[in-house]
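Here is the structure we will look at.
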Amino acid sequence: MKILIWQGIAFQSLEYFSIQENDKNIQVASKIIGCYENNIYTVDYSLAIDRDWNIQEFTIDSEINTVKNILTGKKYQNQWEINNVVNPDFEGFNFIDISLTPFTNTLPINSLKLVENEAQEIKVIYIDVINNLVKPVTQQYTKIDHQTYHYDNLQTDFKADILVDESGLVVHYPKLFDKIAEI
């Protein structure tokens with residue numbers, strides 16, 4: 001088991017994150033507290049991930065300015081059931097991107113197994129926790145070197161060079177997140 005803390009720079013947050021791997025799957029549990037644009041929030045999320053770093057199931061329990069919300073997702077073959085309803089917009093998607101954490105960048109970074117200077121476009125389920133929005137987006141990851149990946153949101157002009165550790169966990173995500181502790 002690995003435990004770490006990320007500091008959210010733009011989102012003024014702290015995230016207490018744990019990851020546990022076994023020979024069958026990877027389990028993640030995390031708690032985030034913070035404030036962003038007059039929103040005080042807490043987020044508890046748990047993820048079930050297969051050994052190829054593809055998301056299989058998620059639960060995101062949030063409270064924003066005292067308004068509680070639960071979002072669940074479960075993958076059945078190539079279909080995603082979001083809050084108990086199959087959503088055809090997400091057919092064949094292997095990744096999610098949760099707005100308030102850098103961890104979900106680890107999923108494609110570890111799954112794609114890119115070689116240096118290789119890029120790959122992916123479809124992800126984007127979850128904007130603050131605005132209670134779930135939508136499909138297209139992203140691209142390019143491996144710059146063994147610790148640096150270039151991230152590009154292909155729907156917007158947002159780009160970043162993300163620094164990761166040997167496990168693919170984010171160490172530095174410019175203007176968004178920094179790892180500040182690990183055990």
Side-chain angles (χ1 to χ4, degrees), residues 1-22 24-37 39-76 79-85 87 89-90 93-111 122-137 139 141 151 153 162 164-165 167-171 173 176-183:
M1 176 183 283
K2 185 181 280 196
I3 296 172
L4 57 89
I5 296 175
W6 279 298
Q7 178 180 12
I9 300 163
F11 300 110
Q12 300 177 46
S13 64
L14 286 176
E15 178 174 357
Y16 181 88
F17 171 89
S18 69
I19 185 168
Q20 188 164 1
E21 297 183 50
N22 61 42
K24 294 182 182 177
N25 64 16
I26 302 161
Q27 296 290 322
V28 163
S30 196
K31 181 169 189 69
I32 306 168
I33 60 167
C35 78
Y36 178 69
E37 295 181 347
N39 293 301
I40 296 175
Y41 62 86
T42 66
V43 178
D44 289 290
Y45 69 87
S46 60
L47 309 175
I49 305 161
D50 70 18
R51 293 302 299 167
D52 292 323
W53 291 91
N54 297 306
I55 188 81
Q56 300 299 307
E57 191 171 349
F58 64 84
T59 300
I60 303 169
D61 191 355
S62 62
E63 182 175 329
I64 300 162
N65 291 343
T66 73
V67 176
K68 295 182 181 193
N69 188 46
I70 295 176
L71 181 68
T72 61
K74 188 166 178 88
K75 188 174 183 183
Y76 295 98
Q79 298 289 327
W80 273 98
E81 187 178 275
I82 307 291
N83 281 353
N84 302 313
V85 176
N87 188 325
D89 292 343
F90 304 125
F93 286 32
N94 291 322
F95 308 110
I96 63 172
D97 185 353
I98 303 172
S99 61
L100 298 172
T101 178
F103 173 71
T104 46
N105 295 97
T106 297
L107 300 170
I109 285 171
N110 284 349
S111 178
I122 59 170
K123 303 275 190 196
V124 302
I125 301 171
Y126 178 72
I127 302 165
D128 180 342
V129 178
I130 297 285
N131 295 304
N132 194 26
L133 178 67
V134 180
K135 66 180 183 178
V137 299
Q139 301 174 346
Y141 284 83
Y151 166 84
N153 182 322
I162 303 169
V164 298
D165 66 12
S167 300
L169 296 167
V170 173
V171 174
Y173 195 136
L176 290 179
F177 302 100
D178 280 317
K179 181 173 76 169
I180 59 173
E182 179 180 337
I183 56 170

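Computed from a predicted structure; not experimentally measured. Atoms considered below: every heavy atom in the structure, side chains included; atoms not considered: hydrogens, waters and symmetry mates.
Side-chain contact between Phe103 and Leu169 is present, with at least one heavy-atom pair separated by less than 4.5 Å. Looking only at side-chain heavy atoms (C-beta outward), Ile49 and Leu107 come within less than 4.5 Å of each other. Taking the side chain as every heavy atom from C-beta outward, Gln7 and Leu14 approach each other to under 4.5 Å. Inter-residue side-chain proximity for Glu37 and Ile130 is flagged as unmet; no heavy-atom pair is nearer than 4.5 Å.
Of the candidates Val67, Asn131, Asn65, Val129, Asn65 is the only one forming a side-chain contact (heavy atoms from CB on, under 4.5 Å) with Asn39. Screening Thr59, Asp61, Asn83 for a side chain to side chain donor-acceptor pair (under 3.5 Å) with Thr72, the sole residue that qualifies is Asn83.
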Worked check of side-chain contact (heavy atoms from CB on, under 4.5 Å) between Phe90 and Val134:
CA-CA 10 Å; Phe90 304 125; Val134 180; 3.8 Å; yes
request  = Test side-chain contact (heavy atoms from CB on, under 4.5 Å) on Phe11 and Phe177 and set out the steps.
outcome  = CA-CA 9 Å; Phe11 300 110; Phe177 302 100; 3.9 Å; yes
side-chain contact (heavy atoms from CB on, under 4.5 Å) for Lys75 and Asn94? Distances and angles first, verdict last.
CA-CA 9 Å; Lys75 188 174 183 183; Asn94 291 322; 2.4 Å; yes
Item to complete: Could you walk me through whether Asp97 and Gln139 pass side-chain contact (heavy atoms from CB on, under 4.5 Å), step by step?
Response: CA-CA 10 Å; Asp97 185 353; Gln139 301 174 346; 2.8 Å; yes
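Side-chain rings of Trp80 and Phe58 approach one another, their centers coming within less than 6.0 Å.
Atom CG of Asn69 sits about 7.5 Å away from atom CD1 of Ile64, to the nearest 0.5 Å. Atom CZ of Arg51 and atom CD of Gln56 lie 12.5 Å apart (nearest 0.5 Å). Rounding to the nearest 0.5 Å places CD of Glu57 at 12.5 Å from CG of Asp50. To the nearest 0.5 Å, the span separating CD1 on Ile55 from CG on Leu47 amounts to 4.0 Å. Atoms CD1 and OH, on Ile96 and Tyr126 in that order, are 12.0 Å from each other to the nearest 0.5 Å. Expressed to the nearest 0.5 Å, how far CE of Met1 lies from CD of Gln20 amounts to 4.0 Å.
With sequence neighbours excluded, the residues that form a salt bridge (Lys or Arg N to Asp or Glu O under 4.0 Å) with Glu63 are Lys68.
In this structure, Ile70 places its CD1 atom where only 12 or fewer heavy-atom neighbours from other residues, nucleotides or ligands lie under 6.0 Å away. Counting heavy atoms of neighbouring residues, nucleotides and ligands inside a 6.0 Å radius, atom CD1 of Ile5 exceeds 12 of them.
The nearest pair of heavy atoms linking Gly73 to Ile82 is CA-CD1, 4.2 Å. For the pair Lys123 and Phe95, the tightest heavy-atom approach, listed with the atom from each and the gap, is O-CD1, 4.3 Å. Shown here for Leu176 and Ala10, the closest heavy-atom pair between the two residues is CD2-CB, 3.7 Å.
Side chain of Thr106 to backbone of Gly168: a donor-acceptor contact under 3.5 angstrom is found. In this structure, the side chain of Asn110 engages the main chain of Ser167 through a donor-acceptor pair within 3.5 Å. Put simply, the side chain of Asp52 never gets that close to the backbone of Asn54: no donor and acceptor are under 3.5 Å apart.
Between Glu21 and Lys2 there is no salt bridge, since no side-chain N of the basic residue sits under 4.0 Å from a carboxylate O of the acidic one.
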Could you pull out all donor-acceptor pairs under 3.5 Å where a side-chain atom in residues 29-36 meets a protein atom, sequence neighbours excluded?
residue: Ser30; atom: OG; partner: Glu15; partner atom: OE2; Å: 2.6
residue: Ser30; atom: OG; partner: Tyr16; partner atom: O; Å: 3.1
residue: Lys31; atom: NZ; partner: Asp44; partner atom: OD2; Å: 3.3

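Taking the six-membered ring where tryptophan is involved, the planes of Tyr173 and Tyr151 are tilted, since the angle between them lies from 30° to 60°.
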